[in-house]
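For reference, the structure discussed in these notes is given below.
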Amino acid sequence: MNKNKQIALITGASSGIGAEIAIQLAKKNIHTIITARSLSRLIKTEKSIIDNGGTCTVVKLDMKDLHGLDNLGKEIFKRWGKLDILIANAAILGTLGPIHHQSNDEFLEVMMVNSISNHRLIRSCDALLKKSYYPKACFLTSTVAIEARPFWGAYAVSKASLEHMIKIWSAENKHNNLSISIINPGKTNTRIRNQAMPGENIENLQNPSEVAKIIIEIIFLDKLYKGDTIDLMKLNQSSNITGSR
């Protein structure tokens with residue numbers, strides 16, 4: 001592999017927005033490292049990447065496996081010595097309902113996957129990103145992170161926690177060229193959305209492919225983000241995305 005080729009890590013890349021981001025980045029001649037719990041679904045993403053002339057590395061990884069996240073950073077360093085792009089997309093919903101009905105075990109699991117694992121991911125990838133000329137990190141969030149919406153329990157808490165953690169990390173990197181963004185894709189036809197809103201008319205939802213395209217355009221803009229939160233639904237209503245690096 002060309003040593004100058006960019007390397008991207010995408011978590012939760014077995015379906016939906018994560019898979020589409022991986023496929024579209026690979027089309028740009030970026031080598032993608034794709035992770036998820038389901039190997040069979042990851043292989044489908046891999047096939048799409050290869051069919052489009054791209055390259056990827058498949059890593060079966062549960063975000064609750066904190067030591068696995070540590071080892072992932074070590075392996076990336078051994079093989080490529082750097083990481084150019086980090087897309088933190090992996091998340092789980094948990095049960096929706098009154099927060100006092102949610103089991104402690106499930107609450108902890110959602111917090112682990114959606115928030116705590118991303119702390120471990122940052123620890124594992126911070127130095128790798130700083131080996132890149134134009135490092136970019138992007139974390140996907142949800143509207144419920146800033147709205148105290150009833151019945152969204154641990155999912156909302158985990159996303160609020162994630163956003164605050166990323167803003168702290170961004171503030172700690174305000175004097176370098178590490179670009180860190182938080183993107184809220186909005187209502188999109190994904191497995192989590194379908195789980196949260198069963199029976200919803202998918203014709204009213206965004207297509208993951210189009211959302212992925214916009215996210216990639218945003219992170220490649222000639223702009224240095226420092227914990228900026230970008231709401232795609234509002235962005236689509238107000239302006240067009242243009243320009244890239």
Side-chain angles (χ1 to χ4, degrees), residues 8-28 32 34-38 41-42 44-45 48-49 52 63 85-96 110 113-115 117-118 121 136-147 149 151-163 166 180-221 225 228-242 244:
L9 168 62
I10 305 97
T11 67
S14 61
S15 64
I17 297 171
E20 289 296 335
I21 289 175
I23 292 165
Q24 293 182 34
L25 285 176
K27 287 180 181 178
K28 293 180 175 290
T32 56
I34 55 176
T35 81
R37 289 179 298 174
S38 171
R41 290 202 296 266
L42 271 179
K44 290 181 180 179
T45 306
S48 295
I49 289 171
N52 283 285
M63 295 300 286
I85 301 167
L86 168 64
I87 307 290
N89 170 69
I92 60 173
L93 180 65
T95 303
L96 300 187
V110 174
V113 173
N114 298 356
S115 180
S117 69
N118 282 294
L121 193 63
K136 305 172 191 302
C138 174
F139 296 78
L140 271 64
T141 188
S142 167
T143 305
V144 297
I146 57 173
E147 290 183 4
R149 190 178 299 176
F151 310 120
W152 282 77
Y155 183 79
V157 175
S158 69
K159 288 297 185 179
S161 169
L162 173 67
E163 286 197 18
I166 301 311
I180 306 171
S181 57
I182 303 166
I183 296 183
N184 175 13
K187 299 175 182 179
T188 307
N189 185 18
T190 63
R191 291 176 67 244
I192 283 185
R193 180 75 190 185
N194 299 157
Q195 183 183 350
M197 303 290 185
E200 185 177 31
N201 185 354
I202 63 172
E203 292 181 2
N204 296 329
L205 303 178
Q206 300 174 106
N207 186 290
S209 177
E210 289 302 313
V211 170
K213 180 181 177 182
I214 297 169
I215 290 173
I216 291 171
E217 288 176 352
I218 288 170
I219 65 174
F220 277 96
L221 284 173
Y225 298 104
D228 303 68
T229 302
I230 303 161
D231 187 318
L232 294 197
M233 299 289 283
K234 292 179 181 177
L235 191 66
N236 287 338
Q237 293 169 2
S238 62
S239 65
N240 293 320
I241 304 297
T242 57
S244 62

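Everything numeric here is computed off the predicted structure, so don't read it as measured data. Hydrogens, waters and symmetry mates play no part in the numbers below; they use all other heavy atoms, side chains included.
No donor-acceptor contact under 3.5 angstrom links the side chains of Thr229 and Asn184, judged on distance only. Side chains of Asn189 and Asn194: a donor on one and an acceptor on the other come within 3.5 Å.
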- Stepwise side-chain contact (heavy atoms from CB on, under 4.5 Å) test for Leu162 and Asn114: CA-CA 7 Å; Leu162 173 67; Asn114 298 356; over 6 Å; no

- Message: Test side-chain contact (heavy atoms from CB on, under 4.5 Å) on Glu163 and Ile146; report intermediate values, then the result.
- Response: CA-CA 9 Å; Glu163 286 197 18; Ile146 57 173; 4.1 Å; yes

- Task: Show your working on side-chain contact (heavy atoms from CB on, under 4.5 Å) between Ser209 and Gln24 and close with a plain yes or no.
- Result: CA-CA 9 Å; Ser209 177; Gln24 293 182 34; 3.5 Å; yes

- Go through the steps for Leu86 and Phe139 under the test side-chain contact (heavy atoms from CB on, under 4.5 Å), then give the verdict. CA-CA 8 Å; Leu86 168 64; Phe139 296 78; 4.1 Å; yes

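For the pair Val211 and Leu232, the tightest heavy-atom approach, listed with the atom from each and the gap, is CG1-CD1, 3.8 Å. The shortest non-hydrogen separation linking Gln195 to Gly94 is NE2-O, 4.1 Å. Nearest approach of Ser14 to Ala19, heavy atoms of both residues: C-CB, 4.0 Å. For the pair Gly16 and Pro208, the tightest heavy-atom approach, listed with the atom from each and the gap, is C-CB, 3.8 Å.
Remark: the backbone N or O of Ala26 is not paired with any side-chain donor or acceptor of Thr32 at under 3.5 angstrom. Formation of a donor-acceptor pair under 3.5 Å by the Thr45 side chain with backbone atoms of Ala13 is found in this model. Glu20 places no side-chain N or O within donor-acceptor distance of the main-chain N or O of Glu210, the cut-off being under 3.5 Å. Of the possible donor and acceptor atoms, one in the side chain of Tyr225 sits under 3.5 Å from a partner among the backbone N and O of Ile218. A donor-acceptor distance shorter than 3.5 angstrom exists from the side chain of Lys136 to the backbone of Ile219, with no hydrogens or angles considered. At least one donor-acceptor pair closer than 3.5 Å links the side chain of Gln206 to the backbone N or O of Pro185.
Of the listed residues (Ile10, Leu121, Leu9, Asn89), just one forms a side chain to side chain contact (heavy atoms under 4.5 Å, CB included) with Thr35, and that residue is Leu9. Evaluated for a side chain to side chain contact (heavy atoms under 4.5 Å, CB included) with Thr143, the options Arg149, Lys187, Met233 yield exactly one hit, Arg149.
Note that OG of Ser181 and CD1 of Ile87 are 7.0 Å apart. Values are rounded to the nearest 0.5 Å. Separation of atoms OG1 (Thr190) and CG (Leu140) is listed at 10.0 Å; rounding is to 0.5 Å. With rounding to the nearest 0.5 Å, the separation of CD1 in Ile183 from OG in Ser142 is 14.0 Å.
Looking at residues two or more places apart in sequence or on another chain, you find a side-chain hydrogen bond (donor to acceptor under 3.5 Å, both in side chains) between Ser115 and Ser161.
Inter-residue side-chain proximity for Ile166 and Thr141 is flagged as unmet; no heavy-atom pair is nearer than 4.5 Å. Between Val113 and Arg37 the shortest side-chain heavy-atom distance does not fall below 4.5 Å. Residues Arg193 and Thr188 form no side-chain contact, since every pair of their non-hydrogen atoms from C-beta on lies 4.5 Å or further apart. The shortest side-chain heavy-atom distance between Lys28 and Ile216 falls under the 4.5 Å cut-off. Contact annotation: the side chain of Ile92 never approaches that of Tyr155 to less than 4.5 Å [non-hydrogen atoms, C-beta and beyond].
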